[in-house]
Trainee: 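Below you'll find the structure I mean.
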Amino acid sequence: MSFLRALVRTARTARHAPRLAAGLTPDDDVLLDAPDGRLAPALVAAALGDPEPAAKLLATTRDAGEWEDRDRYVGRLATFAYSRGEWLDRWLEAAPRDPDALLLAAQLAVRRAWESPARAERLRELDPLLRPLTEDAGRDPVPWRLALDHARGAHAGHAVFEGLWEQALLRSPHHYGCHVAALKYLSAQWYGSQRAAFDFAEQAADDAAPGSLVRALPVRAAYEGLRPLPGAGRDRPAGLAAGGARIDRAADRGLALSAAFAAGDPWPAEARNLLAYVLVERGRWEEALAEFGRTGPYATSFPWAVGGHDPLRRFLATRDRTRTELARRSPLWGRAGAIPGRSGPRGH
């Protein structure tokens with residue numbers, strides 16, 4: 001009988017898999033961490049050693065209060081400077097007090113300290129670099145997001161972290177990056193628990209405006225809940241089975257948020273990639289495939305690079321696995337993907 005079932009699964013896959021690929025961007029057209037139309041020219045100029053477009057871009061976001069874009073651009077520019085930093089050095093030499101250049105330099109320094117075996121000690125050494133940034137930040141929440149990330153790695157106590165969090169909220173009550181930093185601190189991976197992370201994420205999502213990326217925070221909590229605890233190898237965290245329903249509710253909220261944006265919109269790309277990851281982990285194959293369709297050509301390093309993976313290859317492999325799993329669960333002569341009810345963990 002097992003041989004017969006294997007033959008049937010193979011027949012289903014062969015029949016339905018090609019149809020299920022119809023709504024997906026071809027593999028060769030998928031882009032990893034594609035910059036938007038504002039960031040791309042700054043990266044090209046930086047590659048040529050010219051920091052001026054990056055300086056103008058960050059100054060524009062600061063003056064206009066475009067905090068979500070500003071945070072993304074700081075992260076992407078710092079990542080570029082990690083391997084090719086001559087343009088940033090030139091910028092700092094020409095304008096040593098430029099707040100945007102200093103913010104980029106601090107972001108880069110924190111990243112390098114995080115990679116050190118002596119992470120906490122190295123991060124604490126950066127206190128004199130970070131303190132002036134937050135003191136002079138005005139209404140900009142991005143230096144406070146960086147301070148929150150720094151405090152987590154430096155093993156700051158709850159009182160210190162809470163003080164930073166309050167200051168971040170005064171600048172921007174619904175800034176996604178600051179909320180992600182707080183969620184990480186509250187996760188079971190760091191100083192909290194799965195319950196604490198979900199409680200925080202759900203409350204923040206409830207309070208967020210329609211269309212805000214903070215509404216995707218429960219999906220981030222679900223991702224944290226699906227990760228192995230430190231020292232646990234490949235095992236899932238204790239209590240995951242009991243939290244499965246909460247993870248599924250988070251995924252439902254993520255699906256509602258994703259539906260508010262057009263398919264192929266680059267703005268929610270990371271949230272959609274994360275949602276697809278969670279849906280796959282929960283065995284919700286039909287919804288996962290639909291979410292991969294909504295991502296369009298925009299793959300993101302997070303969450304696919306976590307664990308040292310090649311992110312683009314993992315994205316494509318997971319997308320292909322989703323299509324195959326859905327095909328082999330479809331009735332042989334029915335419509336591809338027409339599975340009664342939700343294909344959840346019970347299908348594993």
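These numbers come from the heavy atoms of this one structure, side chains and all, not from hydrogens, waters or symmetry mates. Everything quoted here is computed from the prediction, not taken from an experiment.
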Trainee: If you define the side chain from C-beta out and look only at heavy atoms, does anything of Leu102 sit under 4.5 Å from Leu92?
Mentor: yes
Trainee: Can Val180 be reached from Leu123 by stepping across I, L, V, M, F, W or Y side chains whose heavy atoms are under 4.5 Å apart?
Mentor: yes
Trainee: Apply side chain to side chain contact (heavy atoms under 4.5 Å, CB included) to the pair Arg319 and Val280, showing each step before the final yes or no.
Mentor: CA-CA 9 Å; Arg319 194 178 68 164; Val280 167; over 6 Å; no
Trainee: With side chain to side chain donor-acceptor pair (under 3.5 Å) as the criterion, how do Ser258 and Arg272 come out once you've worked through the C-alpha distance, each side chain's angles and the decisive distance to 0.1 Å?
Mentor: CA-CA 7 Å; Ser258 179; Arg272 281 174 163 164; 2.8 Å; yes
Trainee: As an exercise, state the distance from CG of Leu88 to CD of Glu93, rounded to the nearest 0.5 Å.
Mentor: 10.0 Å
Trainee: Checking Trp165 against Tyr185 for the side chain to side chain contact (heavy atoms under 4.5 Å, CB included) test, could you report, in this order, the C-alpha distance in whole Å, the side-chain angles of both residues, the deciding distance, and whether it holds?
Mentor: CA-CA 11 Å; Trp165 171 244; Tyr185 189 91; over 6 Å; no
Trainee: Strictly below 4.0 Å, N to O, side chains only: are Arg323 and Asp320 in salt-bridge contact?
Mentor: yes
Trainee: Can you tell if the side chain of Leu279 reaches within under 4.5 Å of the side chain of Phe292, non-hydrogen atoms only?
Mentor: no
Trainee: Give a yes or no on whether Arg112 atom CZ has more than 12 heavy-atom contacts from other residues, nucleotides or ligands under 6.0 Å away.
Mentor: yes
Trainee: What verdict does the salt bridge (Lys or Arg N to Asp or Glu O under 4.0 Å) test give for Arg227 and Glu224, after you've listed the backbone C-alpha separation in whole Å, the side-chain angles of each residue and the deciding distance to 0.1 Å?
Mentor: CA-CA 5 Å; Arg227 295 177 65 192; Glu224 296 292 343; 3.2 Å; yes
Trainee: Shortest non-hydrogen contact from Pro51 to Arg90?
Mentor: CD-CD, 4.4 Å
Trainee: Taking the basic N atoms (NZ, or NE/NH1/NH2) and the acidic carboxylate oxygens, is any pair closer than 4.0 Å for Lys184 and Asp149?
Mentor: no
Trainee: Asp100 side chain to Lys56 main-chain N or O, any donor-acceptor pair under 3.5 Å?
Mentor: no
Trainee: Tell me whether Arg111 forms a cation-pi arrangement with Tyr82, defined as NZ or CZ under 6.0 Å from the six-membered ring centre and within 45 degrees of its axis.
Mentor: yes
Trainee: What distance separates Leu103 CG from Thr134 OG1, expressed to the nearest 0.5 Å?
Mentor: 11.0 Å
Trainee: I'd like to know if Arg76 pairs up with Asp36 as an ion pair, taking the criterion as any Lys NZ or Arg NE/NH1/NH2 lying under 4.0 Å from an Asp or Glu carboxylate oxygen.
Mentor: no
Trainee: Do Arg253 and Arg215 pass the side chain to side chain contact (heavy atoms under 4.5 Å, CB included) test, and can you show the C-alpha distance, the side-chain angles, and the key distance before you say yes or no?
Mentor: CA-CA 8 Å; Arg253 297 179 74 150; Arg215 290 194 169 231; 5.9 Å; no
Trainee: Shared ILVMFWY cluster between Leu133 and Leu169, side chains joined below 4.5 angstrom?
Mentor: yes
Trainee: Using the rule given for side chain to side chain contact (heavy atoms under 4.5 Å, CB included), can you reason through Leu312 versus Leu31, listing the C-alpha separation, both sets of side-chain angles and the distance that settles it, and then say yes or no?
Mentor: CA-CA 8 Å; Leu312 183 56; Leu31 307 170; over 6 Å; no
Trainee: In the structure I gave you, are the side-chain heavy atoms of Leu39 and Asp69 within less than 4.5 Å of one another anywhere?
Mentor: no
Trainee: For Ala47, is there any backbone N or O sitting under 3.5 Å from a side-chain donor or acceptor partner on Arg84?
Mentor: yes
Trainee: Check this for me, if you would: do Arg282 and Asp248 make a salt bridge, where the nitrogen-to-carboxylate-oxygen distance has to be below 4.0 angstrom?
Mentor: yes
Trainee: If you draw a 6.0 Å radius around CD in Glu121, do more than 12 non-hydrogen atoms from other residues or ligands fall strictly inside?
Mentor: no
Trainee: If you compare all heavy atoms of Val30 against all heavy atoms of Leu316, which two are closest, and at what distance to 0.1 Å?
Mentor: CG2-CD2, 4.0 Å
Trainee: Just do the side chain to side chain donor-acceptor pair (under 3.5 Å) check on Asp33 and Ser301 with the steps written out, would you?
Mentor: CA-CA 6 Å; Asp33 298 329; Ser301 289; 2.4 Å; yes
Trainee: Show the numbers, then the answer: is there a ring pair (Phe, Tyr, Trp, His ring centres under 6.0 Å) between Phe302 and Tyr223?
Mentor: CA-CA 11 Å; Phe302 179 79; Tyr223 166 79; 5.2 Å; yes
Trainee: For the backbone of Ser172 and the side chain of Arg139, can you confirm whether one donor and one acceptor N or O come within less than 3.5 Å of each other?
Mentor: no
Trainee: Calculate, to the nearest 0.5 Å, the distance between atoms CG and CZ belonging to Asp310 and Phe315 respectively.
Mentor: 12.5 Å
Trainee: Would you kindly confirm whether Leu108 and Trp114 end up in one hydrophobic cluster when ILVMFWY residues are joined by side chain heavy atoms under 4.5 Å apart?
Mentor: yes
Trainee: Can Val74 be reached from Val44 by stepping across I, L, V, M, F, W or Y side chains whose heavy atoms are under 4.5 Å apart?
Mentor: no
Trainee: Does Arg72 count as lying over the ring of Trp267, i.e. NZ or CZ under 6.0 Å from the six-ring centre, within 45 degrees of the axis?
Mentor: yes
Trainee: Any side-chain heavy atom of Thr322 within less than 4.5 Å of one from Glu291?
Mentor: no
Trainee: Just so I know, are the side chains of Val142 and Gln107 near enough to count as touching, which here means a heavy-atom distance under 4.5 Å?
Mentor: no
Trainee: Taking a hydrophobic cluster as the set of Ile, Leu, Val, Met, Phe, Trp and Tyr residues connected by side-chain heavy atoms closer than 4.5 Å, whether directly or through intermediates, do Phe200 and Phe198 fall within one such cluster?
Mentor: no
Trainee: Calculate, to the nearest 0.5 Å, the distance between atoms CG and CG belonging to Leu275 and Leu257 respectively.
Mentor: 9.0 Å
Trainee: Can you give me the closest heavy-atom contact between His155 and Ala120, atom names plus distance?
Mentor: CD2-CB, 3.5 Å
Trainee: What distance separates Leu58 CG from Asp63 CG, expressed to the nearest 0.5 Å?
Mentor: 11.0 Å
Trainee: What is the distance from atom OH of Tyr191 to atom CZ of Arg152, rounded to the nearest 0.5 Å?
Mentor: 8.0 Å
Trainee: Can you name the nearest heavy-atom pair linking Trp304 to His309, along with the distance?
Mentor: O-CB, 3.4 Å
Trainee: Of all the heavy-atom pairs spanning Ala196 and Leu186, show the shortest one and how long it is.
Mentor: CB-O, 4.0 Å
Trainee: Would you say His179's side chain and His175's backbone share a donor-acceptor pair under 3.5 angstrom?
Mentor: yes
Trainee: I need the minimum non-hydrogen distance between Ala113 and Arg122, along with the two atoms involved.
Mentor: CB-CB, 3.8 Å
Trainee: Just wondering, do Tyr176 and Asp71 contact through their side chains at under 4.5 Å, heavy atoms?
Mentor: no
Trainee: Does the side chain of Trp285 reach to within under 4.5 Å of the side chain of Arg321, using non-hydrogen atoms?
Mentor: yes
Trainee: For the ring pair Phe161 and Trp190, is the centre-to-centre distance below 6.0 Å?
Mentor: no
Trainee: Quick check: do Tyr73 and Arg38 have side-chain heavy atoms less than 4.5 Å from each other?
Mentor: yes
